[in-house]
Amino acid sequence: MAYQGSLTSVQAWQDLQQHHQDIRDQHMRDWFAKDPQRFERFHVEAAGLTLDYSKNRINQHTVQLLLELAQQRGLPGAIRNLFQGEHVNRSEDRPALHTALRNFSEREILVNDVNIMPEVRHTVHRMEEFCWKIRRNQWRGYDNRPFTDVVSIGIGGSFLGPKLASSALKPYWDSGLNIHYLANIDGSHITEILKRLDPATTLFIVQSKSFGTQETLKNATACRRWFLDNGGSEQDLSRHFTAVSANVQKATEFGIAEENIFPMWDWVGGRYSLWSAMGLPLALAIGIDNFRDLLRGAYAMDEHFRTAPLAENMPVIMALLGLWYVNFFGVNSHAILPYDHYLRSLPAHLQQLDMESNGKSITLDGNQVDYHTGPIIWGGVGTNGQHAFHQLLHQGTHFSPCDFIVPMCSHNPIDNFHAMLVSNCLSQSQALLQGKSEQEAIEELIASGMSKAEALVLAPQKVIPGNRPSNTLYFPKATPHTVGSLIALYEHKVAAQGMLWGVNSFDQWGVELGKQLGNRVLSALEGETIADDIDGSTNGLIRAFHKMQQQ
Ligand code: F6P
């Protein structure tokens, strides 16, 4: 049973507070100078990934106290509950069993006393058949030409994970199909996608767990209209429109043939759904064997998370380090910095994964937390970020722990590009660690020919405090297996943090309010009259919309 009650009353929490006082002014640079074994001591391997966490504001005592906190919070039990299908999503009274989607073991997984594994495997088999037919041109468009384009229509978790994995695995796209992701409700986005396409060779996949999401339904309706207006007929719809949804009734009402609907289940959260048929556009691009390798990578990380002792458990270590900064250093953000063009969508996916999961302030017991929870997740691809926001990382008043993520080998080894890319990655975390003292700055300026007096004036601008923490996650290459384990690693990190903070990482009630108010504002934007029940600012903006629409 997971620990219930206040996190801050746990003994290890009190000990960590004291410990933070003891070490907060110590510099990592000194720790590295004293301990040549620091890298050896603070790194861990799992499922094809290695995490170097030696550049963190920790010593062995910190790790020990953090592990005690995890024990005292009942983390091992909470992990067991997750995998065993307990109703960890309490507010919706359901389990969170995305791990079942990549369960390659013989273990049964029960939901309401029914083993869900046969249905999970049957769905992968259906995906396989579907991919086979489309990729081998057995299933063609209405004028018998093979499909050239697939438009995935979905948003949030029904978009970000598949999009990330599709771009991460671009080197494995071997079908010649172009995959497009249509998410936003923005006339410009849909126009830009559709204007390049031929309806006769375009396949649509409407991806919505609920089949009730405004943006997705509007986009799907517009795509259907475009299809019918540009040569497709009502009879052709079933050849060109498929869906992935847990709401078969709504999908069929929309006009998708029942045999073209792939299932989703309420025991899979949207942001954890890449591994289900929501991954269909990806599977079409890379083939089902590569898709299965992605699942295997995630499964390897699941097994690690489920069975490794806490002290060697990569997601747990990352979770505890994150908590250390949020709760004891008062940090409120965390940067994701992939040094790989193919992983450029990772920050956006992790933003949803983390912020929709742990952006919570009420505990599972229904109490207001008296500590901070999930940080703001942001980031971008290196080296581009170095010429944009890294300045703040080095010298700003805020400090944001960073995850540097880097494959050691490139899919496209040209000249010494990759060595240059990796050298940038390593030297950024090095710079964050060691910084530059005033004395070093003065000596550097004098060595460059400046007078001592001038150097003394300029040097403070050049001081870089350092002591800024980062993780480096590395692996040989971004393959389906490593991408699968990487994404699963973050899923488990987020889940472990949710368990420690005692919040429900699997619901998202905050998103609902925006949806409700959105409908009210839409009717005001489309109506002539301004509603009295809308606040003055929003009313002013609605009037501006009316006025500018008429110009
Ligand atoms: O953004 C809120 C959200 O509910 C996500 O959790 C979900 O992934 C997304 O909307 C899309 O929902 P659906 O798949 O039901 O269209």
Side-chain angles (χ1 to χ4, degrees), residues 88-98 101 123 151-166 181-186 189-190 204-224 241-256 260-282 345-360 374 376-377 487 490-491 494-495 498 503-519 522:
V88 292
N89 179 353
R90 278 202 215 161
S91 70
E92 295 179 297
D93 194 18
R94 35 175 96 145
L97 275 172
H98 42 286
L101 302 170
T123 303
V151 180
S152 156
I153 309 169
I155 198 162
S158 303
F159 152 64
L160 289 159
K163 179 167 183 277
L164 158 64
S166 299
Y181 285 95
L182 174 56
N184 203 355
I185 186 73
D186 184 330
H189 193 193
I190 187 168
F204 293 93
I205 311 177
V206 187
Q207 304 190 208
S208 176
K209 179 177 165 183
S210 60
F211 226 86
T213 303
Q214 188 199 53
E215 294 92 326
T216 301
L217 295 188
K218 184 74 180 173
N219 276 328
T221 306
C223 287
R224 184 171 59 183
F241 279 78
T242 60
V244 183
S245 185
N247 196 334
V248 176
Q249 193 188 334
K250 274 196 167 180
T252 44
E253 278 166 16
F254 178 84
I256 310 275
N260 291 354
I261 303 170
F262 290 82
M264 249 291 274
W265 303 277
D266 68 2
W267 42 263
V268 181
R271 51 196 174 273
Y272 300 86
S273 66
L274 156 69
W275 325 98
S276 70
M278 289 293 177
L280 204 51
L282 167 70
S345 298
L346 188 63
H349 174 64
L350 297 187
Q351 222 166 34
Q352 191 214 18
L353 174 66
D354 202 321
M355 295 170 77
E356 202 167 83
S357 296
N358 289 340
K360 312 280 164 69
I376 296 159
I377 302 293
I487 298 172
Y490 278 97
E491 289 181 351
V494 166
V503 298
N504 181 354
S505 300
F506 304 104
D507 61 9
Q508 59 284 318
W509 297 107
V511 178
E512 298 305 318
L513 175 62
K515 288 185 189 171
Q516 284 164 12
L517 297 182
N519 290 333
L522 179 61

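We count ligands from 1, going down the list as the structure has it; atoms in each ligand are counted the same way. Heavy-atom basis, side chains included; hydrogens, waters and symmetry copies ignored. Throughout, residue positions are numbered sequentially from 1 according to the sequence presented.
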* To do: Could you say whether the N/O atoms of Q207 and ligand 1 ever approach to under 3.5 Å?
  => no

* K360, NZ: over 12 other non-hydrogen atoms inside 6.0 angstrom -> yes

* Around atom 1 (O) of ligand 1, find the nearest protein heavy atom and jot down its residue, atom name and distance. => E356 OE2, 3.2 Å

* Hey, which atoms in ligand 1 end up nearer than 4.0 Å to a heavy atom of S208? -> 13 (P), 14 (O), 15 (O), 16 (O)

* Assess the side chains of S210 and N247: does a donor N or O sit below 3.5 Å from an acceptor N or O? => no

* Test side-chain hydrogen bond (donor to acceptor under 3.5 Å, both in side chains) on Q249 and E253 and set out the steps. => CA-CA 6 Å; Q249 193 188 334; E253 278 166 16; 3.0 Å; yes

* Asked: Any idea which of T213, I153, V206, N247 brings a heavy atom closest to atom 12 (O) of ligand 1?
  -> T213

* Of all the non-hydrogen atoms in the protein, which one sits nearest to atom 10 (O) of ligand 1, and at what distance? -> K515 NZ, 4.2 Å

* To do: Specify the protein heavy atom at minimum distance from atom 11 (C) of ligand 1: its residue, its atom name, and the distance to 0.1 Å.
  => I155 O, 3.2 Å

* Asked: What residue and atom, counting heavy atoms only, is the protein's closest point to atom 15 (O) of ligand 1, and at what distance?
  -> S210 OG, 2.6 Å

* **Which residue and heavy atom of the protein sit nearest atom 14 (O) of ligand 1, plus the separation** => S158 OG, 2.6 Å

* For atom 8 (O) of ligand 1, the protein heavy atom that lies nearest, with its residue and separation -> G157 N, 2.7 Å

* **Nearest atoms (heavy-atom pairs only) where Q207 meets T216** => O-CG2, 4.0 Å

* Which of the atoms of ligand 1 are close to V511, meaning less than 4.0 Å from one of its heavy atoms? -> 1 (O), 2 (C)

